[in-house]
Amino acid sequence: MEKGKGVMGGGRRWAVEFTDHSTSPSSRDFPDPPGFARSSSDQDDSSVARQNKDGESNWKARKAWEVAQAPFKNLMMMGFMMWMAGSTVHLFSIGITFSALWQPISALQGVGKVFEPYKDSKVDLLGPKLVYLALNLVGLGLGVWKLNTLGLLPTHASDWVSSLPPPQDVEYSGGGFPLH
């Protein structure tokens with residue numbers, strides 16, 4: 001038996017044709033189901049192309065906003081990781097902290113590459129880019145805050161002692177007089 005042939009032989013036994021060739025009013029008495037639109041043969045091809053471009057522009061704008069809000073999820077995860085690392089200086093907390101600093105810095109450097117697929121003349125990318133930048137700056141601030149809580153930022157005068165000049169003597173000795 002050949003592949004694709006039925007037991008009885010021959011070609012296709014069943015075929016369904018979906019085109020409506022009837023002109024009788026009985027087939028038009030039923031209303032179209034919700035969401036169904038009959039395609040008219042006189043619909044302009046340019047309007048179809050315009051609808052396709054508008055749909056693509058809407059899709060690009062929606063995806064650009066999704067990409068812009070993605071760092072928020074990273075903020076929540078990184079905040080939890082920093083909280084779990086504690087406030088003592090050890091290898092794990094330092095690694096998490098520098099990861100929290102590195103991710104926003106690398107994301108800020110690649111803003112143009114991130115939004116490159118969504119460039120379109122009809123899509124305004126300024127808003128998504130600003131949200132993306134703001135969320136990454138918040139992530140950078142979170143990393144700097146963690147550095148400060150670990151005591152790794154030089155914020156006190158005692159952190160700079162090695163670079164301070166030696167203090168000047170304010171008391172001088174002029175010789176010794178005996179006190180009787």
Side-chain angles (χ1 to χ4, degrees), residues 18 30-168:
F18 292 106
F30 296 108
D32 290 335
F36 178 80
R38 291 194 184 271
S39 61
S40 63
S41 59
D42 56 326
Q43 189 176 16
D44 190 18
D45 289 339
S46 65
S47 67
V48 171
R50 186 172 34 253
Q51 287 175 351
N52 287 343
K53 284 196 177 238
D54 288 344
E56 184 179 343
S57 296
N58 290 338
W59 178 83
K60 284 183 178 182
R62 192 170 51 248
K63 286 295 183 182
W65 277 107
E66 287 177 13
V67 167
Q69 294 169 358
F72 181 73
K73 295 174 190 171
N74 191 26
L75 278 176
M76 293 296 149
M77 189 245 346
M78 194 54 69
F80 178 73
M81 293 286 290
M82 285 192 277
W83 175 70
M84 290 297 292
S87 61
T88 58
V89 178
H90 50 82
L91 189 60
F92 183 67
S93 63
I94 291 172
I96 291 294
T97 304
F98 281 108
S99 173
L101 291 169
W102 181 254
Q103 287 177 358
I105 289 172
S106 63
L108 289 172
Q109 289 176 346
V111 173
K113 292 178 187 173
V114 170
F115 289 98
E116 185 71 29
Y118 310 111
K119 274 190 176 180
D120 193 353
S121 60
K122 295 182 180 181
V123 178
D124 181 26
L125 292 177
L126 181 63
K129 282 183 179 180
L130 288 176
V131 168
Y132 186 79
L133 288 172
L135 288 174
N136 279 304
L137 287 174
V138 168
L140 189 62
L142 190 65
V144 170
W145 171 79
K146 184 63 177 180
L147 274 178
N148 189 36
T149 60
L150 291 174
L152 298 176
L153 285 182
T155 57
H156 302 292
S158 61
D159 295 329
W160 300 98
V161 168
S162 63
S163 63
L164 294 175
Q168 297 293 326

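Please read all numbers here as calculations on a predicted model, not as lab measurements.
- P128 approaches A68 most closely through the heavy-atom pair O-CB, 3.1 Å.
- Contacts of K119 classified as side-chain hydrogen bond (donor to acceptor under 3.5 Å, both in side chains), with partners at least two apart in sequence or in another chain: none.
- Nearest heavy-atom pair across G139 and P104 is C-CG, 3.7 Å.
- Among residues two or more places apart in sequence or in another chain, the side-chain hydrogen bond (donor to acceptor under 3.5 Å, both in side chains) test is passed with Q69 by none.
- Distance check: Y118 OH to W59 CH2 gives 6.0 Å after rounding to the nearest 0.5 Å.
- Atoms CG and CZ, from N136 and F72 in turn, are 13.0 Å apart once rounded to the nearest 0.5 Å.
- Within the structure, salt bridge (charged side-chain N to carboxylate O under 4.0 Å, His left out) contacts touching residues 132-144 (residues at least two apart or in different chains) do not occur.
- Distance check: W102 CH2 to L140 CG gives 12.0 Å after rounding to the nearest 0.5 Å.
- With a 4.5 Å cut-off on side-chain heavy atoms, L152 and I94 count as touching.
- With a 4.5 Å cut-off on side-chain heavy atoms, I96 and M84 do not count as touching.
- Atom CG of residue L130 and atom CG of residue L125 lie 10.5 Å apart, to the nearest 0.5 angstrom.
- Minimum heavy-atom separation, L108 to V111: O-CG2, 3.4 Å.
- Between S57 and V123, the shortest heavy-atom contact is O-CG2, 3.4 Å.
- For N74, the side-chain hydrogen bond (donor to acceptor under 3.5 Å, both in side chains) partners two or more places apart in sequence, or in a different chain, are Q103.
- Closest approach of V114 and P117 over heavy atoms only: O-CD, 3.5 Å.
- Evaluation of the ring pair (Phe, Tyr, Trp, His ring centres under 6.0 Å) rule for F115 yields Y132 as partners, not counting sequence neighbours.
- Every residue meeting the side-chain contact (heavy atoms from CB on, under 4.5 Å) condition with W145, not counting sequence neighbours, appears here in chain and number order: L142, T149.
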Inset, instruction - Tell me, with the steps shown, if S99 and M78 meet side-chain contact (heavy atoms from CB on, under 4.5 Å). - result: CA-CA 9 Å; S99 173; M78 194 54 69; 3.8 Å; yes

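- Residues that satisfy the side-chain contact (heavy atoms from CB on, under 4.5 Å) test with L91, not counting sequence neighbours, are absent from this structure.
- Residues satisfying the side-chain contact (heavy atoms from CB on, under 4.5 Å) test with N58, not counting sequence neighbours, are none.
- Under the side chain to side chain donor-acceptor pair (under 3.5 Å) criterion, the residue pairs touching residues 75-90 are T88-H90, with sequence neighbours excluded.
- For the pair K63/K60, no side-chain contact is recorded, criterion being any heavy-atom separation below 4.5 Å from C-beta on.
- In this structure, G143 and A100 approach most closely via the heavy-atom pair CA-CB, 4.2 Å.
- In this structure, the side-chain contact (heavy atoms from CB on, under 4.5 Å) partners of L153, at least two apart in sequence or on a different chain, are V144, L147, N148, T155.
- Using a 4.5 Å heavy-atom cutoff, the side chains of L150 and S93 are in contact.
- Every residue two or more places apart in sequence or in another chain was checked for a salt bridge (Lys or Arg N to Asp or Glu O under 4.0 Å) with K129, and none qualifies.
- Take H156 and apply the side-chain hydrogen bond (donor to acceptor under 3.5 Å, both in side chains) test, not counting sequence neighbours, and it matches no residue.
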